Amino acid sequence: MHMTNLRPANENLSRSEAQQRSRTVKAQTYQLHLNFMSAVSEKPTHFGLTTTLQFTAVAGSETFLDYVDGIVEQITLNGREIAVDDAVDGARIYLRGLEAENTVTIRSKSAYSRSGEGVHYFKDPTDGQVYLYSQNEPADCRRIYPCFDQPDQKARFSVSITAPSDWHVDANGSLEATEDHGDGSATRSFTTTEPMSTYITTFLAGPYATWQDHYNGTTASGVDVSVPLQLACRASIAGHLDHEELFTLTKQGLDWFHTHFDYAYPWGDYHQVFVPEYNLGAMENPGLVTFTEAYVFTSAPTLAQHEGRANTLMHEMSHMWFGDLVTMTWWDDLWLKESFADYIGTLVVDEATRFTTAWTTFASRRKGWAYTQDQYPTTHPIMADIVDLEAADQNFDGITYAKGASVLKQLAAYVGQEAFLQASRTYFQRHAWGNTTLDDFLVILSEASGRDMQAWAEAWLNTSGPSSLWVETETDSDGVITSAVVKQQGTDPVTGKDVVRPQVLNVGLFEAGEGADAEAAEQVAEPARLVEAFEVRLEGESAPVPELVGRTLVEGRSALLPNQGDLTYAKVRLEGDSLDVALTVGLDSELDRATALAAAWNMTRDGDLPAERFIDGVVANSALIDDSGVLATVLGQAGVAVRGYTTKQQRTEIAQRWLTFLLTQVLEEELGSDRRLVFTRSLLYTAARVAELPEGLLDVVESWLQDKDTLGEELTWASLVALAAHGRATAEDIEAEHRRKPTQEAARGLREALAARPDVDVKKETRANVYVGKESDGTVLSNDYLQAYADGLGIDPAGKDQPEPAEYWEGIEGVWSSMSQGQATRVVEGLFPGAVELTDGDRESNPEIVRARTWLNDSQDAPAALHRLVLEELDDAERRLAAQAASSNA
């Protein structure tokens, strides 16, 4: 494969370099003028830019600005012009002979992005309109303008943007002035911002549709707050944006934060925009928050999707204080904003909005992400050791977000929620507009709680891996409990040391009805009800539960659930009757049921529970689950178990039984209901990825396509992908649907469906294109389109695609060096040969496992971030083999 455009060797800024730079210089102000008029030309590549940066420095020293993929035309430092060739080296612009006060002005051209990093260029396939937006975190601001791109280099920003006069243009500050040039262009100027980091600067331009509203509120201490509100999205999907609900949520959130944080929203306007081809869920740019366009529901959404959007909205709003007002010094303390935002965002949804199941979804989905990430060989403490920017980019993971949030939920239980919120209020007051580290927060938390929090932090924030949690009981011959003890065990996989985590949790005693026992198996049993929950403060390896002594455990009907109410973060062990009850009749509380099923899923991933037993448990529990988010999560987990954790010999029978169950549920559920939608999504996703389907299933799918308007765009394309994967939809069929309704959703679906076809030549050509990040005609693939092709390549139910192993293992380092990190990650993860089978060998002998280990051993000089991706993909593959082994021994 041919690789070009290698990344500069000095692009990956190290922590030590950033620290040295901060000892040398301090940014004060940026004046930025961006000219986006080139965006309306045919296939634009760059936009014009003038950057003026004022900064202080150690007199006589030198420093460098970060600038990636830009064309520098002129540099003026303190009134003298500097030769561009002397200053520019790769991703850096060197400035020498500095004075105590400095001004540098740089005229340049910056590249439009198609990867969602920097200023992203998007042409709407529906109407041909062009849209621009920026995304910078953690360090893609340097793709837009020359800067000190590190979080502790805060400055004030004055921005002006020239763009077509009929476009909507926005930035962090409030719109201050508009100058119409009379030639179809206009320059908008924005108010100077408060001090903020480069990674949260943002720029927006295009014919966005907008909505306006206003918030008026009062802080707890009586300060009046007035905030102009705005929403925006692409014009072609404007009819789907439910602005009334979004404005309502925004006001509810601001009310909660003003009451509980008692610090007035500090950024002027509060604008929220939904943008296409977004790499993230959202980004907390002060005054102009960007969200994925997936939150504009162009197809029927579930209530869980509405709740998930509300959660993201509150997550980003909390960043206006946690992260934007007070910012981490370096990416080691990324958790200081992301864990807080994940926890607080869920708390606000639960306390301030119409959604009542936020913590249930959190227990099922967010913590599931955390448990998975925390068991990889690449796990790290919440307080991570981030040595450079590539490591920072990868640490936006399940540990930094969901584990950290889970630990903060436990912290609130441990010290009390009011102490936690009081610490937050003091934190904002003491460190407003500044940068902090973990110690800064712990000092304040100790003050608020009256406890020394260093030991707590050491156990929870500076160690890796989840602890295991279980209840041990002794009973007499009648089943009466004579002793009950909660135990925890944890070993930090990084250091090998035992970890004991102080925590507060509940142990729940549940009891099922008589229909749950073996003799009455034909009866339909009621779910096990909670008899009582007992609080336990676990400071060491074990703690007694004296309230359980004297209680009777009824054989086949009683269950004990450690972490009832999901207060703490640990892998819950369920054994014997407790596991049987959870997987047969289920628990009667949505949150506890989600906790128990999460425990069973962890056991399945660990190879301790055969896949078929977990799948049957999901079937048994599915009728009880009201929360569509939890239902989607457990159906997805069962689907993974069906496709990869069963043995080849079992798979056809189990898959057909699973798909028959899903189809039955689809047909029985009410048309338009959340449950029907969730079951349909799961059915189509699994049907595209298993070989032998129940007879007539694809006929049913084809029949759905006769009424695409009722089916909706999302399910239309999911149906076409499933049909394409089994040779029942041709390229002509797929392209005809794309022509019928040429939306962005269709553009993605088109590529996934085309790549999913069981044609070896199609797969080969598509794979070659993915490796170089281009279409067959040479057009650069956007992030969305690259992902769609990679997803389609991963759909191969018949197993016909047999790429040469060398193609991957000899190519990924070239991919890493020739693409941005985001794009390269899509390729490395998307094409990893992870569909291993136990019939080809176990963890030690399977040829794909051996190749991966060989590459890791032979590529010690490869970038650490690339090593991490391969290690995680390898771990998933090895778990697949271990789960298959557990299934074969069942």
Side-chain angles (χ1 to χ4, degrees), residues 372 579-580 583-584 597 600-622 634-665 682-698 701 722 725-728 756 758 760 763 793-803 805 832-853 873-890:
T372 297
L579 180 62
D580 290 342
L583 291 180
T584 53
L597 288 173
W601 176 239
N602 273 323
M603 294 171 67
T604 307
R605 290 189 73 250
D606 289 345
D608 294 332
L609 184 70
E612 186 171 11
R613 192 170 180 205
F614 176 77
I615 295 162
D616 289 344
V618 170
V619 171
N621 275 268
S622 62
V634 298
L635 292 182
Q637 291 165 343
V640 170
V642 168
R643 300 189 306 275
Y645 290 179
T646 54
T647 66
K648 257 189 168 181
Q649 293 85 348
Q650 299 170 316
R651 194 165 302 147
T652 295
E653 188 273 329
I654 292 176
Q656 290 193 356
R657 185 155 48 87
W658 173 247
L659 287 165
T660 299
F661 160 72
L662 292 175
L663 180 59
T664 300
Q665 300 307 305
S682 185
L683 172 73
L684 292 171
Y685 188 89
T686 303
R689 290 162 175 82
V690 297
E692 301 295 331
L693 304 180
E695 185 176 352
L697 175 59
L698 292 180
V701 173
H726 292 278
R728 294 275 289 262
V760 173
K763 297 278 191 187
L793 285 170
I795 298 172
D796 183 33
K800 291 185 177 180
D801 189 28
Q802 302 291 330
F832 184 87
V836 292
E837 297 293 351
L838 195 61
T839 50
D840 299 324
D842 60 15
R843 290 189 189 198
E844 302 303 321
S845 62
N846 186 283
E848 296 295 357
I849 301 297
V850 171
R851 290 186 190 105
R853 289 179 178 168
E873 292 295 324
L874 172 60
D875 186 73
D876 284 339
E878 290 180 327
R879 283 180 180 275
R880 175 175 165 131
L881 292 175
Q884 289 179 15
S887 292
S888 69
N889 295 329

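What you see is a predicted model, and the numbers here were worked out from it, not measured in a lab.
Between Gln637 and Phe614 there is a side-chain heavy-atom pair separated by less than 4.5 Å. Side-chain contact between Leu609 and Asn602 is absent, with no heavy-atom pair separated by less than 4.5 Å. Using a 4.5 Å heavy-atom cutoff, the side chains of Leu793 and Lys763 are in contact. Within the 4.5 Å cutoff, side-chain heavy atoms of Val690 are placed close to those of Arg643.
The salt bridge (charged side-chain N to carboxylate O under 4.0 Å, His left out) check on Glu873 picks up nothing, with sequence neighbours excluded. Not counting sequence neighbours, the partners of Trp658 by the ring pair (Phe, Tyr, Trp, His ring centres under 6.0 Å) test are Phe661. For Phe832, the ring pair (Phe, Tyr, Trp, His ring centres under 6.0 Å) test picks out Tyr808, Trp809, with sequence neighbours left out.
Proximity of a side-chain donor or acceptor of Asp840 to a complementary backbone N or O of Asn846 within less than 3.5 Å is not detected. A side-chain donor-acceptor contact under 3.5 Å links Ser845 to the backbone of Asp842. Checked by atom type and distance alone, the side chain of His726 never pairs as donor or acceptor with a backbone atom of Arg689 at under 3.5 Å. For Asp580 (side chain) and Thr584 (main-chain N/O), no donor-acceptor pair under 3.5 Å exists by modelled atom type. Side chain of Gln650 to backbone of Thr647: a donor-acceptor contact under 3.5 angstrom is found.
Classification of Glu612 and Arg657 as a salt-bridged pair holds, one side-chain N sitting under 4.0 Å from a carboxylate O. The pair Arg879-Asp875 counts as a salt bridge, with a side-chain nitrogen and a carboxylate oxygen less than 4.0 angstrom apart. A salt bridge links Arg853 with Glu844: the closest approach of a Lys/Arg side-chain nitrogen to an acidic carboxylate oxygen falls below 4.0 angstrom. In summary, Glu837 and Arg880 engage in a salt bridge, as defined by a charged side-chain N under 4.0 Å from a carboxylate O.
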### Task
Take Leu583 and Arg613, measure what side chain to side chain contact (heavy atoms under 4.5 Å, CB included) needs, and give me the verdict at the end.
CA-CA 8 Å; Leu583 291 180; Arg613 192 170 180 205; 4.2 Å; yes

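In terms of heavy atoms, Thr686 sits closest to Gly639 at OG1-CA, 4.4 Å. Nearest heavy-atom pair, Ala883 versus Thr604, reported as atom, atom and distance to 0.1 Å: CB-O, 4.0 Å. A pairwise comparison of heavy atoms in Ala722 and Ala688 identifies CA-CB, 3.7 Å as the closest pair. Pro797 approaches Ala691 most closely through the heavy-atom pair O-CB, 3.3 Å. A pairwise comparison of heavy atoms in Ala638 and Ile615 identifies O-CG1, 4.0 Å as the closest pair. When every heavy atom of Ala877 is checked against every heavy atom of Gly834, the shortest pair comes out as CB-O, 4.1 Å.
Of the inter-residue distances, the one linking Asp616 atom CG with Asn621 atom CG reads 11.0 Å to the nearest 0.5 angstrom. Atom OG1 of Thr664 sits about 10.5 Å away from atom CG of Leu659, to the nearest 0.5 Å. The CD1 atom of Ile849 sits 5.0 Å away from atom CD of Glu878, with the distance rounded to the nearest 0.5 Å. Residue Leu683 holds its CG atom at 9.0 Å from CG of Leu693, rounded to the nearest 0.5 Å. If you take CD on Glu653 and CD on Glu692, they are separated by 13.0 Å, rounding to the nearest 0.5 Å. Note: Asp801 CG to Asp796 CG = 5.0 Å, rounded to the nearest 0.5 Å.
When only modelled atom types and interatomic distance are considered, Ser887 and Gln884 share no side-chain donor-acceptor pair under 3.5 Å.
Classification of the Trp601-Tyr645 ring pair by plane angle, with boundaries at 30° and 60°, yields parallel.
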